[in-house]
Amino acid sequence: MVFEHITDLDLKETLDCGQCFRWREQKDGSFTGVVRGKVASARVEGDRLILDGANEDDRAMWRDYFDLDLDYSAIKRELSAIHPVLSDAAAYAPGIRILRQEPFEALISFIISQNNNIKRITGIVQRLCESFGEQISDGRYAFPTAERLAALTPDDLSPIRAGFRHRYIIDAAQKVADGTIDLEAIRQLPYNEAREALTQITGVGIKVADCVLLYGLHRLDGFPMDVWMKRAMAALFPDTEISAFGEYAGIAQQYIFHYARMHPELFL
DNA sequence: ACCCAGGAAATTC
DNA sequence: GAATTTCATGGG
């Protein structure tokens with residue numbers, strides 16, 4: 001499958017910037033991942049995005065996932081006019097996009113992320129999929145369903161080695177499976193109400209809720225504040241309120257987060 | 001041995 | 001209510 005006339009997309013920047021945990025770079029530079037139970041290997045050649053192994057019937061799904069209908073050039077112009085340092089951060093990784101991930105996958109992934117590091121999060125998510133996700137093909141697994149995880153006990157999750165987060169994962173899965181939490185309904189709520197609903201899940205506080213909203217429900221006004229972002233905001237934007245970043249604050253957040261992670265020496 | 005990691009719950013003050 | 005401690009696991 002090929003998408004033509006693609007701009008503002010760099011796969012390494014987008015798939016390896018901490019917003020998702022399911023893509024792996026191959027020796028040839030392509031990225032292989034599973035989205036909504038479908039496997040694909042992605043690469044960019046010039047202004048073409050090529051997805052090997054993707055079914056033509058899923059074209060709309062992949063277009064949606066990579067957010068190809070949003071004009072990131074225009075958004076970057078808008079954000080760059082707000083603050084010169086934000087302009088620099090956007091220029092540092094101009095091919096970042098905010099993926100439209102599956103909401104439940106984002107919810108579980110960012111529950112796992114708490115008090116953890118990205119390398120270890122990636123390993124836990126992989127073991128979760130291999131242990132409890134449906135096998136799609138040789139060595140490829142879908143993200144587990146809420147129903148499957150809801151039926152487990154914390155001990156059942158011991159092979160993924162997520163420690164104290166096991167009971168959080170199960171509580172989230174149970175609330176999604178039984179309808180207590182309706183992620184698609186939350187997508188439509190005003191921001192603070194959506195946050196309020198998500199934090200009813202044990203193990204979901206404001207930061208994880210903000211990640212679910214931004215990465216899983218594509219609420220681009222979300223602005224997750226983790227330890228990296230707190231340091232980056234203090235060092236780079238000491239006099240800037242988040243509200244100054246406007247309706248695309250979440251995209252600004254991703255530029256800043258990635259810039260900070262690539263320049264840890266700025267905060268020593 | 002100690003500290004930290006894309007935090008949040010439990011406990012204590 | 002605000003501040004502190006605890007929670008698994010793994011790497012530096």
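Per chain, numbering begins at 1; letters A, B, ... match sequence-line order.
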(message) Can you work out whether A/Ala209 or A/Asn116 has the more 5'-proximal nearest nucleotide on DNA chain B?
(response) A/Asn116
(request) Between A/Thr202 and A/Ile118, just flag the one whose closest nucleotide in DNA chain B comes earlier from the 5' side. (result)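 The residue mapped nearer the 5' terminus is A/Ile118.
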Atom pair distance, as rounded to whole Å: [atom1] in [X] and [atom2] in [N]:
{"X": "A/Asn115", "N": "C/dG10", "atom1": "CG", "atom2": "C1'", "value": "12 Å"}
{"X": "A/His166", "N": "C/dA8", "atom1": "NE2", "atom2": "P", "value": "10 Å"}
{"X": "A/Asp155", "N": "C/dA8", "atom1": "CG", "atom2": "P", "value": "12 Å"}
{"X": "A/Ile111", "N": "C/dA8", "atom1": "CD1", "atom2": "P", "value": "16 Å"}
{"X": "A/Arg120", "N": "C/dA8", "atom1": "CZ", "atom2": "C1'", "value": "7 Å"}
{"X": "A/Ile170", "N": "C/dA8", "atom1": "CD1", "atom2": "P", "value": "14 Å"}

(request) Could you tell me which non-hydrogen atom of A/Pro264 sits nearest to which non-hydrogen atom of A/Met262, and how far apart they are? (result)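 Minimum heavy-atom separation between A/Pro264 and A/Met262: CD-C, 3.3 Å.
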(request) Write down the atom of A/Cys129, the atom of A/Tyr141, and the distance for their closest heavy-atom approach. (result)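 Closest heavy-atom pair between A/Cys129 and A/Tyr141: O-CB, 3.5 Å.
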(request) May I ask you to check whether A/His263 and A/Tyr92 place their ring centers less than 6.0 Å from one another? (result) yes
(request) Look at the aromatic rings of A/Phe143 and A/Phe104 and report parallel, tilted or perpendicular, splitting at 30° and 60°. (result)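 Ring orientation, 0 to 90° scale: perpendicular.
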Roughly how far apart, to the nearest Å, are [N] and [M] at atom [atom1]?
{"N": "B/dG6", "M": "C/dA2", "atom1": "P", "value": "28 Å"}
{"N": "C/dT6", "M": "B/dA5", "atom1": "C1'", "value": "16 Å"}
{"N": "C/dA8", "M": "B/dT11", "atom1": "P", "value": "13 Å"}

(message) Whether A/Arg161 contacts C/dA8 is assessed here as follows: a side-chain N or O lying under 4.0 Å from the phosphate OP1 or OP2. Is that the case?
(response)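 For C/dA8, neither OP1 nor OP2 has a side-chain N or O of A/Arg161 closer than 4.0 Å.
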(request) Anything under 4.0 Å to a heavy atom of chain A counts; send over the first and last such nucleotide of DNA chain B, read 5' to 3'. (result) B/dA5 to B/dA10
(message) Could you go through A/Phe237 and A/Phe245, starting from their C-alpha distance and side-chain angles, then the distance that decides it, and tell me whether this counts as ring-ring contact (aromatic ring centres under 6.0 Å, His included)?
(response) CA-CA 11 Å; A/Phe237 302 91; A/Phe245 293 144; 5.6 Å; yes
(request) Select from A/Arg165 and A/Lys119 the residue whose nearest nucleotide in DNA chain C is closer to the 5' end of that strand. (result)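 So the residue in question is A/Arg165.
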(message) Run A/Lys76 and A/Glu78 through salt bridge (Lys or Arg N to Asp or Glu O under 4.0 Å) and show every step you take.
(response) CA-CA 5 Å; A/Lys76 273 184 284 187; A/Glu78 191 174 314; over 6 Å; no
(request) Before accepting this row, confirm whether a basic side-chain N of the pair A/Lys12/A/Asp10 lies closer than 4.0 Å to the acidic partner's carboxylate O. (result)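 No.
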